[in-house]
Undergrad: 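Please read through the structure below; I'll follow up with questions.
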Amino acid sequence: MDRASGKADSTLLRVEGLKTYFFQRSGVLKAVDGVSFTVKAGEVVGLVGESGSGKSMTCLSLMRLVPRPAARIVEGEVWFDDRNLLELDESEMREYRGRRMAMIMQDPQTSLNPVFMIGDQVAEPVKLHLKERGRQAIERVLETLYAVRIPSPETRLKQYPHQFSGGMRQRVVAAMGLSTSPELLIADEPTTSLDVTIQAQFLSLIRELQREHRTSVIWVTHDLGIVAQMCDRVNVMYAGRIVESSAVRRIYKDPQHPYTQALLDSVPVIGNRRPRLYQIDGQPPDLRSIPSGCPFWPRCPSAMDICKEQYPPQTATGGDDFVHCWLAEQ
Ligand code: SF4
């Protein structure tokens, strides 16, 4: 349900042909190379792939936070409601970034400033974007810390990051992102630094808050177990492109792309006594010299001659699902 219009299935974010390149002495690195996807109101969309597949750079591009001058968004459109964010000037963009769309980074150590109290850090986006001050800002900070299950928030807001455990620090980072009630939350591998039990608590907390507030979420991860738990839809990325997009309930039963199949085979299964864990042969390509044709062909057990020559077109696989693989064309 769209919070604003009350319409089901309305699209909140539409990304079209996004390209973000790094211009280096050694060549042009195509970190994001023509990414298109949508996020509906209240939907959780996963971006999945190995390190270097372009997931994080896609998210930074949506927020227009790419590391300049080395990186530049060279092409594409990012429609949030009815505005193309890539056409906004910086002051207009600030109305969206932090207020209507927020980001939780993967490492709370680098997201939190060690010399400021937690309350001041959570209050910063509240003051900046909601223009709330004094008692009103403190009330909102307390409310948000309470929502992310920080015990005794009245005491905790006067403490510093080093007085919190890793899991609690990540909750504080989540509180900073959620404090302005954004319509879109971008979570970039926020559980990477957490141990498994704390991770499970954090995931269920975010899912609960997401359902309660009908927040749209882009969840970046390399872990298909987390996707199953968190997401409604998953976009699988390889070499800066989305190679398969599927409803989560379908992708585990019927993956269409050999890379998606390989990622699923790499997930350890309790009780499955294989002598060795499956691993995908080879390495992700150097994004300065991506192989011609399908970039996965050097690692693909099903590669054919055409795969080395032409990039596979998009093939619809039912509903909104699609894949880029020559196998689907046969
Ligand atoms: Fe493998 Fe060819 Fe499909 Fe690429 S297009 S994933 S190389 S079968």
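Atoms within a ligand are numbered from 1 in the order they appear, just like the ligands themselves. On a predicted model such as this, the values are computed, not experimentally measured, just so you know.
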Undergrad: How are the rings of Y238 and F296 set to each other: parallel, tilted or perpendicular (split at 30° and 60°)?
TA: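 Geometry flag for F296 against Y238: perpendicular rings.
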Undergrad: Rest of the hydrophobic cluster containing Y21 (Ile/Leu/Val/Met/Phe/Trp/Tyr, side-chain heavy atoms under 4.5 Å)?
TA: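 ILVMFWY cluster around Y21 also holds F23, V28, V74.
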Undergrad: Counting no waters, how many protein N/O/S atoms sit under 2.8 Å from atom 3 (Fe) of ligand 1?
TA: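 With waters ignored, the protein N/O/S count below 2.8 Å is 1.
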Undergrad: Salt bridge or not for E95 and R99, using N-O below 4.0 Å?
TA: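 No salt bridge links E95 with R99.
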Undergrad: Run W219 and L47 through side chain to side chain contact (heavy atoms under 4.5 Å, CB included) and show every step you take.
TA: CA-CA 6 Å; W219 195 281; L47 283 185; over 6 Å; no
Undergrad: With a 4.0 Å cut-off on N to O distance, would you call E183 and R214 a salt bridge?
TA: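 Salt bridge flag = no for R214 with E183.
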Undergrad: Enter the distance from K127:NZ to R140:CZ here, rounded to the nearest 0.5 Å.
TA: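 Going from the NZ atom of K127 to the CZ atom of R140 covers 13.5 Å.
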